[in-house]
**Student:** 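Dumping the structure here so I can ask a few things about it.
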Amino acid sequence: MDAPLHEWNLAPKEAIALQALLAKRLETVDRIEPVQHIAGVDIGFEAGGEITRAAVVVLKWQPEAMQPLALVEQVVHRKPTRIPYIPGLLSFREIPAALEAFAKLTITPQLVMVDGQGIAHPRRLGVAAHLGLWLNLPTIGIAKSRLTGLHGKVGNTRGDWVPLTSGNDVIGAVLRSRANVKPVFVSPGHRLTLETSLDWVVRCLGRTKLPEPTRLADRLASRRDQK
DNA sequence: GCGACAG
DNA sequence: ATCTTGTCGC
């Protein structure tokens, strides 16, 4: 990569231009190694937003076991927040802390699930897509609400989904991950198709709304007694 | 000009 | 995201 990826304090105008450039580097086909470990990422804020907190969990994928996902590593990393939240520019605020958290891991996952959008973004570079480029790993965005795109009604059966579109493009899916609960917005980030992304999200679902990787990362982040 | 707007 | 208790429902 030779574009100024190291810039996390760009003015909004420059950040927006960089997103458009980086989006062209995303790989939209499956390029994923045999999955042995899956990471889940969740970023939150403390002290009125002054501190950014990144929580990363690594789960072992063992499809033949009764419990196919087992927690094997977890990291919580904090660092001062540099820029405010601006819709569409979330990755510039969250990724610095996420990268430092990943640097602390002893295991390198083959797949990463992120709390936020993948390509379901105005310039096709949500936080999951942006992070995928940095890590050079397949990523999937799982967001709890919509940022952009249009969609029809989703069935109420677990696994039902409808496409999330932008003009003639399908940029993601609205997935009913659990009956009677608001659906989640799934979109590929880097090195995966939407179909493969949905497969993995569904495979990682327990009886909860969020797939295990991001659910456990969320839970880890909210625990008040981590070191 | 008027809304919408991931976390 | 975060500030925050109890409470309704499967």
Side-chain angles (χ1 to χ4, degrees), chain A residues 8 12-13 15-16 18-20 22-23 26 40-57 76-101 112-134 139-151 156-158 164-167 171-190 194 197 201 206-211 213-224 226:
Chain A
W8 296 111
K13 186 175 180 178
I16 287 171
L18 178 57
Q19 289 182 320
L22 294 179
L26 291 173
V41 184
D42 177 70
I43 286 81
F45 299 88
E46 303 174 352
E50 297 295 304
I51 300 297
T52 301
R53 170 193 3 82
V56 180
V57 296
V76 174
H77 179 75
R78 293 177 172 77
K79 78 172 316 209
T81 304
R82 293 188 180 184
I83 68 173
Y85 168 66
I86 300 172
L89 299 181
L90 181 65
S91 63
F92 292 89
R93 175 169 162 90
E94 298 192 339
I95 288 184
L99 291 176
E100 291 180 12
V112 181
M113 305 202 346
V114 185
D115 189 344
Q117 312 291 349
I119 63 170
H121 175 280
R123 290 165 296 282
R124 307 294 176 264
L125 196 82
V127 60
H130 200 163
L131 184 60
L133 286 175
W134 265 93
T139 53
I140 301 171
I142 298 99
K144 296 181 290 296
S145 63
R146 184 195 71 94
L147 170 61
T148 191
L150 303 173
H151 64 86
N156 191 30
T157 300
R158 199 180 95 129
L164 179 65
T165 64
S166 176
I171 58 178
V174 183
L175 171 71
R176 186 73 69 180
S177 52
R178 175 175 179 171
N180 305 313
V181 171
K182 283 183 37 171
V184 293
F185 295 74
V186 176
S187 60
H190 190 37
L194 173 59
S197 299
V201 170
R207 299 185 300 282
T208 52
K209 166 177 175 169
L210 295 177
T214 52
R215 185 183 74 81
L216 293 178
D218 263 316
R219 192 162 73 53
L220 171 62
S222 63
R223 290 196 49 171
R224 193 199 161 293
Q226 346 103 340

**Student:** So H190(A) and L131(A), do their side chains get closer than 4.5 Å, heavy atoms only?
**Tutor:**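 Sidechains of H190(A) and L131(A): no contact.
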**Student:** Using a cut-off of 6.0 Å, state whether more than 12 heavy atoms not belonging to K182(A) lie near its atom NZ.
**Tutor:**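 Check fails, neighbour count at 12 or below.
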**Student:** Between the main-chain N or O of V127(A) and the side-chain N or O of S91(A), is there a donor-acceptor pair closer than 3.5 Å?
**Tutor:**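 No: the side chain of S91(A) does not pair with the backbone of V127(A).
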**Student:** Given side chains that start at C-beta, do those of V114(A) and T214(A) come closer than 4.5 Å, heavy atoms only?
**Tutor:** no
**Student:** It should be established whether R53(A) places a side-chain nitrogen or oxygen under 4.0 Å from OP1 or OP2 of nucleotide dT2(C).
**Tutor:**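 Answer yes for this pair, as a side-chain N or O of R53(A) is under 4.0 Å from OP1 or OP2.
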**Student:** Relative to the ring of W134(A), is the ring of W8(A) parallel (under 30°), tilted (30 to 60°) or perpendicular (over 60°)?
**Tutor:** tilted
**Student:** Decide yes or no for V201(A) and P211(A): does some side-chain heavy atom of the first lie under 4.5 Å from some side-chain heavy atom of the second?
**Tutor:** yes
**Student:** Is a side-chain N or O of T139(A) found less than 3.5 angstrom from the main chain of A128(A), in a donor-acceptor match?
**Tutor:**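 Present.
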**Student:** Please walk me through it: do D42(A) and R219(A) pass salt bridge (charged side-chain N to carboxylate O under 4.0 Å, His left out)?
**Tutor:** CA-CA 9 Å; D42(A) 177 70; R219(A) 192 162 73 53; over 6 Å; no
**Student:** Indicate for each nucleotide in nucleotides 4-9 of chain C, in 5' to 3' sequence, whether protein heavy atoms under 4.0 Å reach the base (B), only the sugar-phosphate (S), or nothing (-).
**Tutor:** ------
**Student:** Is the backbone of G49(A) close enough, under 3.5 Å, to the side chain of T81(A) for a donor and an acceptor to pair up by distance?
**Tutor:**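 Here the side-chain-to-backbone pair exists.
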**Student:** Atom CZ in R158(A), atom CG in L175(A): separation rounded to 0.5 Å?
**Tutor:** 9.0 Å
**Student:** Would you give a per-nucleotide map of nucleotides 2-7 of chain B, 5' to 3', where B means the base has a protein non-hydrogen atom under 4.0 Å away, S means only the sugar-phosphate does, and - means neither?
**Tutor:** --SBBB
**Student:** Using Watson-Crick and G-U wobble pairs with both distances under 3.5 Å, what is the 5'-to-3' dot-bracket string of DNA chain B, with [ ] for crossing pairs and | for pairs outside the strand?
**Tutor:** .......
